[in-house]
Amino acid sequence: MSANNAHIQSLIAGAIMDINELPSLKAYLNQKQDVTSADAVLKFSAFICKVKHNFLWESFPLTFKLIHDLKLDIEIFIHFLPDYQKSRKEKGLDTPAKTRLFLDFLISYLANKKQKPFRILYTALQYEMAMRELNDFKDVALPSQRRRRPVSDQTSIRINGKIFIAYLYAETGDIERWRNAPKTIQTTRSLSRVMYWRALPGADIRILKLNKESADILMFLKSGMSISEWIYAGGKKRSTDTVMEMLHFLIENQIVQLY
């Protein structure tokens, strides 16, 4: 093997392991007028990354089938490479951490793209994340006694069971049918806020469309914030009457309770 070939192979190997090395590879290839494509090296690196995440097919079969059918797999994993390679350098990740790293990336990546294929993927991923979280719901600690008292901004409130707020470009009933006909999928251009709720382990999953205010307050309660914190969140005081009206709706539907 010539010294020139050995150096090129070394640069290619480095670029596959770290995309920050791609500029050095491109510069050398241009200088030597080598026919090797740096873009092909990048795609190969993304392909390796994709293969290393094949375990996610088991938990998110619809999402990954659609990624494949819509031919977006290499594009998505090219954009995921910086996060993935950085995590490999800093620390070894177990499977749950690898899953969370990819999901956080994918949700953010898809949320910023409005073309139909990305709306499809965003909806499928949100739906499967909801099903996964509620199906993992095994136990719940209930307060010893539900209090019957007026709601105020100092009231302690908890969510009954487990909820997942999904942001969807399609109706829930249509999503599962996407598995067999990706080319005929229809989506909306505006997001719907949908709550998937399981009151107890093993109970049926209930589905409820929410307005923005109801979705916001449930997300704050889910994160452990108090009503008072939610009223003043973001430095802008919300109408107490509006907040209390929404809370009474949630209480009447047994989605939350006082304690």
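- Put simply, the side chain of Arg198 never gets that close to the backbone of Gly161: no donor and acceptor are under 3.5 Å apart.
- Put simply, CD1 on Ile175 and CD1 on Ile120 are 11.0 Å apart, with the number rounded to the nearest 0.5 Å.
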**Item:** ring-ring contact (aromatic ring centres under 6.0 Å, His included) between Phe77 and Phe102, worked out
**Value:** CA-CA 10 Å; Phe77 280 97; Phe102 181 73; 5.2 Å; yes

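- Nearest heavy-atom pair across Ser87 and Leu101 is OG-CD2, 3.5 Å.
- More than 12 heavy atoms of other shown residues, nucleotides or ligands fall within 6.0 angstrom of atom CD in Gln115.
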**Verdict with supporting geometry, Leu210 and Asp216, side chain to side chain contact (heavy atoms under 4.5 Å, CB included)** = CA-CA 9 Å; Leu210 304 173; Asp216 285 350; over 6 Å; no

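- Between the side chain of Glu133 and the main chain of Phe164, no donor-acceptor pair closer than 3.5 Å is present.
- A distance-only check finds no donor-acceptor pair linking the side chain of Ser192 to the backbone of Val194 [under 3.5 Å].
- In this structure a side-chain-to-backbone donor-acceptor pair under 3.5 Å is present from Lys116 to Ile185.
- No side-chain heavy atom of Ile165 sits under 4.5 Å from any side-chain heavy atom of Lys222.
- Minimum interatomic distance between Asn253 and Phe249 (heavy atoms only, all atoms of both residues): ND2-O, 2.8 Å.
- Taking all atoms of both residues into account, the shortest heavy-atom contact from Leu81 to Cys49 is CD2-CB, 3.8 Å.
- Contact check for Arg189 versus Arg119: side-chain heavy atoms found under the 4.5 Å cut-off.
- By the 4.5 Å heavy-atom criterion applied to side chains, Thr123 and Thr187 are not counted as neighbours.
- Of all the heavy atoms in Tyr196 and Leu168, the pair that sits closest is OH-CD1, 3.4 Å.
- Remark: the Gln126 side chain and the Tyr169 side chain contain no N/O donor-acceptor pair separated by less than 3.5 Å.
- Put simply, the side chain of Arg132 reaches to within 4.5 Å of the side chain of Thr99, judged on heavy atoms.
- A salt bridge links Arg100 with Asp104; the closest basic N to acidic carboxylate O contact falls under 4.0 Å.
- We find the CG-OH distance between Leu191 and Tyr122 to be 6.0 Å, quoted to the nearest 0.5 Å.
- Looking only at side-chain heavy atoms (C-beta outward), Leu66 and Leu72 stay at 4.5 Å or farther from each other.
- Taking the six-membered ring where the residue is Trp, Phe80 and Phe105 present tilted rings, their angle falling between 30° and 60°.
- Within 6.0 Å of the OH atom in Tyr109, the count of heavy atoms belonging to other residues, nucleotides or ligands exceeds 12.
- We find the CG-NZ distance between Leu200 and Lys162 to be 13.5 Å, quoted to the nearest 0.5 Å.
- Considering all non-hydrogen atoms of both residues, Asn160 and Trp197 come closest at O-NE1, 2.7 Å.
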**Request:** Check the pair Leu218 / Ile255 against side chain to side chain contact (heavy atoms under 4.5 Å, CB included), numbers first and verdict last.
**Result:** CA-CA 9 Å; Leu218 281 168; Ile255 298 168; 4.1 Å; yes

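- In this structure, Lys52 places its NZ atom where only 12 or fewer heavy-atom neighbours from other residues, nucleotides or ligands lie under 6.0 Å away.
- Ring-plane geometry between Trp57 and Phe64 is classed as tilted, the angle between the planes lying from 30 to 60 degrees on a 0 to 90 degree scale.
- Considering Met195, Met219, Arg206 in turn, Met195 is the only one that fulfils the side-chain contact (heavy atoms from CB on, under 4.5 Å) rule with Ile163.
- A donor-acceptor pair is defined here as one N or O able to donate and one able to accept, closer than 3.5 Å; no such pair exists between the side chain of Trp178 and the backbone of Thr63.
- Across all non-hydrogen atoms, the minimal contact from Leu70 to Pro117 is CD1-O, 3.9 Å.
- Using a distance-only test at 3.5 Å, with no hydrogens or angles considered, no donor-acceptor pair links the side chain of Ser59 to the main chain of Leu56.
- Note on Lys209 versus Glu171: salt bridge recorded, some NZ/NE/NH1/NH2 to OD/OE distance being below 4.0 Å.
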**Asked** Would Ile107 and Met129 satisfy side chain to side chain contact (heavy atoms under 4.5 Å, CB included), going step by step from the backbone distance to the final call?
**Response** CA-CA 10 Å; Ile107 282 290; Met129 287 175 67; 3.9 Å; yes

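- Proximity of a side-chain donor or acceptor of Ser45 to a complementary backbone N or O of Val41 within less than 3.5 Å is not detected.
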**Residue pair Ile159, Leu250: steps toward the side chain to side chain contact (heavy atoms under 4.5 Å, CB included) verdict** = CA-CA 9 Å; Ile159 294 172; Leu250 296 174; over 6 Å; no

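- Here the CG atom belonging to Leu93 is positioned 9.0 Å from the OH atom belonging to Tyr84, to the nearest 0.5 angstrom.
- Looking at Gln186 and Asp174, their side chains never come closer than 4.5 Å, going by heavy atoms from C-beta outward.
- By the neighbour-count criterion of 12 heavy atoms within 6.0 Å, atom CG of Asn211 is densely surrounded, having more than that number from other residues, nucleotides or ligands.
- Side-chain atoms of Ile78 and Lys43, non-hydrogen and from C-beta on, do get closer than 4.5 Å to each other.
- The side-chain heavy atoms of Pro61 and Glu128, taken from C-beta on, include a pair separated by under 4.5 Å.
- Residues Asp83 and Lys86 are not paired through a salt bridge, judged by the lack of any N-O separation under 4.0 Å between the basic side chain and the carboxylate.
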